[in-house]
Amino acid sequence: MHPVKRANIPVVVVNVVKATVGHIDGLMASVESAVKNSTWIVAEHLDDPDYMFKITGELVQNNPFVVGSTIAFEPNFFPAKGYYYSAFSCRDGNGGVKRIQQGGEDFKYHGMDWYRIPKETKAASWCEPYFDKGGAEVMMCTYSLPLVGQDGKVYAVLTADVSLEDLTREVSAIEPYPNSYAVLFSQKGMPLVSAPESAAALKDAVKIHGKAGNGWTMELVCPLSNILQGARTLVSRLALFSIVGLGLIFFVSWSFSTRLQRVTAANERLGNELSIARTGAGGGRRFL
């Protein structure tokens, strides 16, 4: 496929991209808000490590776009729980939520991007896509929020996971023209939603870009022939509407003109009759 960019892109296509990016922004914002609104609950229950599962479980249950959530702590934060302690909850595929205590030699999460980057930057972030082996077992992106104690140090990272399959369903629903499709890329350009297999057959297409608030980029690809056909259809409809409109204007004008002529003729006849009547009446008085 050899896409081309055209300056004159129909407004309807641009609006579809803007609306879709806005929809994605809304979904991601809901995930971010759910995580941020849970931070105070974590701080209130730091004396009960098992309670962390309740927090992550409810975060998953109450947010349909979240497939998993974890509160991962710094080494030995809970000595009784060992060096690693991460309270992870995810969907079990049957409408419920399962709990998994993560950590150990096979899951050294402190060095993973979703934990390491927000800890180092002390800022929330979306990580690049990855396969969650041993957890939700799906391709996902994770939103991570560092939890900072009164000493100014990060003591844990609270996360929410979004399935790429769910993102694909949302983005794949966009099809303003036949054979058009949308793709989604991460901040580093990794595909979150890939092009369908049918995209290889496209020879000439228009690409319209849009950027979400979290740095993800959406690209809507439309066959040029379909856009031109759509434009021709629109022009044809406008021409038809114009002809019909002119016809209506002509009919209304003709009807008004005909009615005006009739009224004018009737007024003239009435005026003539009144004039004759006055003349006849005056002559009679002069005769007497």
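Starting from 1, each residue takes its place in the sequence as its number.
Note that the NE2 atom of His23 and the CE atom of Met28 stand 8.5 Å from one another [nearest 0.5 Å].
If you check the side chains of Thr70 and Ser86, you find a donor sitting under 3.5 Å from an acceptor. Ser89 and Thr56 are linked by a side-chain donor-acceptor pair at a separation below 3.5 angstrom, with hydrogens and angles left out of the test.
In this pair, Tyr155 and Phe77 present their aromatic rings parallel. The plane angle is below 30°, not in the 30 to 60° band.
For the pair Glu74 and Lys153, the salt-bridge criterion is not met [side-chain N within less than 4.0 Å of a carboxylate O]. Between Asp50 and Lys81, at least one side-chain nitrogen of the basic residue sits less than 4.0 Å from a carboxylate oxygen of the acidic one, meeting the salt-bridge criterion.
Heavy atoms of other residues, nucleotides or ligands lying less than 6.0 angstrom from CD of Glu120 number more than 12. For NZ of Lys54, the number of neighbouring non-hydrogen atoms (other residues, nucleotides, ligands) closer than 6.0 Å is 12 at most.
Residues Leu158 and Thr39 have side chains in contact (heavy-atom distance under 4.5 Å, counting atoms from C-beta outward). Residues Met140 and Pro129 are not in side-chain contact: their nearest non-hydrogen atoms beyond the backbone lie 4.5 Å or more apart.
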**OP:** Could you walk me through whether Tyr130 and Thr142 pass side chain to side chain donor-acceptor pair (under 3.5 Å), step by step?
**Re:** CA-CA 9 Å; Tyr130 66 98; Thr142 296; 2.6 Å; yes
Original post:
Step by step, would you call Tyr84 with Phe107 a ring-ring contact (aromatic ring centres under 6.0 Å, His included)?
Top reply: CA-CA 9 Å; Tyr84 297 97; Phe107 192 75; 8.4 Å; no
